[in-house]
Amino acid sequence: MCGIVAYIGPKEAYPIIIKGLQRLEYRGYDSAGVAILNGTFNLYKRKGKVSDLVDFINAKKTNGTSGIGHTRWATHGKPDDTNAHPHTSGDDNLVLVHNGIIENYAVLKRALENEGHVFKSETDTEVLVHLIQEIQTRENLPLEDAVRISLTKVIGAYAIVVMDKRDPEKLVGARKQSPLVIGIGEDEFFMASDATPIVEHTKQVVYLNDGEIAVVNRNGEMEIKTIESNKIQRPYVHQLELQIEQLEKGGYDYFMMKEIHEQPKTIGDAMRGRINADEGWIRLGGVDEYSAKMSKASRFIIAGCGTSWHAGLIGEYLLEDLARMPVEVEYASELRYRNPIINEDDVVVALSQSGETADTLAAIELAQKRNALVYGIVNVVGSSIARITDAGSYIHAGPEIGVASTKAFTGQVTLLTMMALSLAHKRGTISESYYHRLLVELENIPGKLAKVLEKAKQIEYIAREIKDANNALYLGRGYNFPVALEGALKLKEISYIHAEGYPAAEMKHGPIALIDENMPVIVICTNKSAYDKIASNVQEVKARKGMVIAIVAEGDEEISKMADYSIEIPDTEEPLTPLLSVVPLQLLSYYIAVMRGCNVDQPRNLAKSVTVE
Ligand code: F6R
């Protein structure tokens with residue numbers, strides 16, 4: 001989704017803003033722009049990549065020590081130079097960048113047109129900057145007051161930064177349901193959609209809350225007020241733990257490959273200090289604190305979107321199987337608009353890598369209104385979901401820059417596994433010996449995952465064989481059914497090959513009609529409990545000349561003989577299988593996408609954090 005960067009201070013703003021926009025590229029966008037203030041605004045906007053904007057600007061005038069930049073992911077109006085941000089007021093005194101959606105923009109636009117305003121773009125954002133101009137001029141207000149009053153008239157979600165060329169010493173930023181972070185440097189300030197453009201300049205940040213407006217100035221002063229004009233006395237200053245190397249590719253061609261290879265470490269980090277197999281304990285913040293409530297919950301509702309929803313499905317298998325807890329897994333976007341039955345003795349688990357997904361945030365708010373305990377499993381530290389949930393745990397995977405989620409997924413599954421094991425132990429639903437076996441095996445997963453990664457060359461070879469397919473089918477049973485869904489999603493989103501994930505037994509109820517010699521069928525066959533049944537499914541595919549790529553446990557003979565290709569992964573306890581079996585599928589999609597010439601880290605139309613519904 002859109003990315004915002006702004007700077008005010010003693011340094012040249014343009015290089016800081018361009019570098020910041022490059023840091024935000026991972027969020028997904030289709031155009032970019034900057035406005036640098038130097039008496040007047042030097043404003044440049046371009047459809048395409050930040051590099052296209054830089055080429056376009058080339059030697060044009062960019063000097064100035066304050067400015068704003070934006071990467072736009074189109075919602076209202078096509079991606080083109082005119083619709084790109086920043087947008088200016090009708091009198092050219094104000095510039096504004098925006099992430100979010102102004103839902104009542106059409107009504108506001110009509111009213112402004114009646115006042116004589118003329119619009120250049122098709123965007124909701126331009127309406128907002130004209131509204132601020134109208135109110136500022138009519139009531140002769142300082143910028144921050146005009147922004148505040150304008151925002152009371154707006155319905156929708158926003159993070160904005162505004163500048164006024166007649167008042168060049170300040171930046172004004174505001175947020176509602178879209179993130180905005182303020183970086184505090186030495187007599188300088190940064191504003192950005194997340195901390196990635198800020199971290200190389202300062203580690204001190206303030207996360208703006210919903211309904212807050214911040215004014216920062218060149219004298220190093222910052223004031224934050226609510227939209228009702230109440231001053232926030234001492235805004236909480238966070239210390240960023242993010243390291244700059246985490247934002248670099250570190251020798252890999254793409255972030256996605258780096259992140260796939262980081263998984264032995266990130267799974268280890270997710271467990272660090274939280275599990276000790278020798279001593280037989282799991283300590284998960286929040287789960288311990290609310291253990292009485294969680295152990296007695298009438299049910300768990302897991303909510304998320306996309307890959308996080310797939311992790312949630314694995315959570316369902318884990319909590320049911322180990323903790324004997326009833327579980328429902330919901331797409332957050334559906335949950336929020338149904339009239340769901342959620343009670344105060346339910347526990348809602350919200351899963352999100354970014355912690356900013358608009359639908360997941362809305363589902364949390366709904367659950368909180370119904371007095372359920374909401375537990376967040378989130379990657380981005382300080383994100384909105386991390387801050388509004390009642391309790392929760394970070395997955396500690398570090399920044400995930402590739403749009404296709406990989407290490408966040410295995411991090412989420414690791415936390416759900418620990419949560420299920422902890423509750424199972426407290427509720428006495430598994431034997432001590434099985435509990436200990438699972439703890440020991442969980443600690444072994446990073447080492448086993450490193451062995452899976454050694455299969456990369458073989459997987460690259462298989463990728464070459466199937467890279468020209470138009471369709472692919474992914475099959476799995478039990479714990480591996482959500483893995484099949486996740487494998488199919490990975491392929492779709494980065495290689496643009498149509499793919500479907502199915503429970504293997506469901507194949508006979510429809511998808512089998514699609515199978516012929518052109519259809520690669522990826523079957524995840526590591527389940528011990530349903531091995532014979534999966535073997536039959538593989539036979540059914542082979543009987544129809546489908547090409548089978550099987551993910552099997554080390555030493556497998558039966559299915560490996562039937563399959564065209566088989567990828568062996570280390571054996572493990574069945575509930576832990578997804579942590580290993582998903583990785584060959586991540587690698588397969590990666591290689592296919594690279595071979596098809598796709599931009600793996602920034603697939604078309606996709607955004608990393610979906611901050612609009
Ligand atoms: C797929 C992917 C998306 C996200 C989804 C939810 O690879 O990344 O499907 O999983 O947009 O995002 P978060 O987890 O940030 O809430």
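Hydrogens, waters and symmetry mates play no part in the numbers below; they use all other heavy atoms, side chains included. When a ligand or atom number is given, it counts from 1 through the structure's own listing order.
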Exercise. Could you tell me if the ring centre of Y105 sits under 6.0 Å from that of H76?
Key: yes
Self-check item: Intermediate values then yes/no, side-chain contact (heavy atoms from CB on, under 4.5 Å), L585 and I524
Solution: CA-CA 9 Å; L585 308 186; I524 308 134; 3.9 Å; yes
Quiz item: Would you say the side-chain atoms of Y565 and E465 include a donor-acceptor pair closer than 3.5 Å?
Solution: yes
Quiz item: Side chains of Q263 and Q586: is there a donor and an acceptor less than 3.5 Å apart?
Solution: yes
Exercise. Considering the heavy atoms of S405, write down every atom of ligand 1 situated less than 4.0 Å from one of them.
Key: 7 (O), 8 (O)
Practice problem: Find all atoms of ligand 1 within a distance of less than 4.0 Å from any non-hydrogen atom belonging to S308, and give their numbers and elements. | Solution: 10 (O), 13 (P), 14 (O)
Quiz prompt | Within-cut-off N or O pair, Q412 and ligand 1, under 3.5 Å | solution = no
Quiz item: Does even one non-hydrogen atom of H310 get within less than 4.0 Å of ligand 1?
Solution: no
Practice problem: Return a yes/no value for K608: is any of its N or O atoms, backbone included, closer than 3.5 angstrom to an N or O of ligand 1? | Solution: no
Practice problem: Can you sort out which atoms of ligand 1 are near K490, meaning under 4.0 Å from one of its heavy atoms? | Solution: 1 (C), 7 (O)
Quiz item: Relative to ligand 1, is E356 under 4.0 angstrom through side chain, backbone, both or neither, heavy atoms considered?
Solution: neither
Quiz prompt | Between T526 and N480, a side-chain donor and acceptor under 3.5 Å | solution = yes
Self-check item: Within 6.0 angstrom of I244 CD1, more than 12 heavy atoms from elsewhere
Solution: yes
Exercise. Scan residues 238-271 for pairs that pass ring-ring contact (aromatic ring centres under 6.0 Å, His included), counting only residues two or more places apart or in two chains.
Key: Y207-H238, Y236-H238, Y252-H261
Quiz item: Nearest to atom 6 (C) of ligand 1 by heavy atom, A404, G304, C305, S354: which?
Solution: C305
Exercise. Around atom 7 (O) of ligand 1, find the nearest protein heavy atom and jot down its residue, atom name and distance.
Key: E493 OE2, 2.5 Å
Practice problem: Indicate, with yes or no, if the rings of W73 and Y29 have centres closer together than 6.0 Å. | Solution: no
Quiz prompt | Test of proximity, V403 against ligand 1: N or O pairs below 3.5 Å | solution = yes
Exercise. Please determine if T360 has a nitrogen or oxygen closer than 3.5 Å to a nitrogen or oxygen of ligand 1.
Key: no
Quiz item: How far is atom 11 (O) of ligand 1 from its nearest protein heavy atom, and which residue and atom name does that atom have?
Solution: V610 CG2, 4.1 Å
Practice problem: With side chain to side chain donor-acceptor pair (under 3.5 Å) as the test, would you mind laying out the steps for S495 and K490 before giving the verdict? | Solution: CA-CA 8 Å; S495 74; K490 287 287 89 86; over 6 Å; no
Self-check item: Heavy-atom nearest neighbour in the protein, as seen from atom 12 (O) of ligand 1, with distance rounded to 0.1 Å
Solution: T357 OG1, 3.5 Å
Quiz item: Which atoms of ligand 1 are found less than 4.0 Å from any heavy atom of S352?
Solution: 13 (P), 14 (O), 15 (O), 16 (O)
Quiz item: Just going by heavy-atom distances, which of L361, T307, V378 is nearest to atom 2 (C) of ligand 1?
Solution: T307
Quiz item: Within 45 degrees of the axis of the six-membered ring of Y496 and under 6.0 Å from its centre: does R596 put its NZ or CZ there?
Solution: no
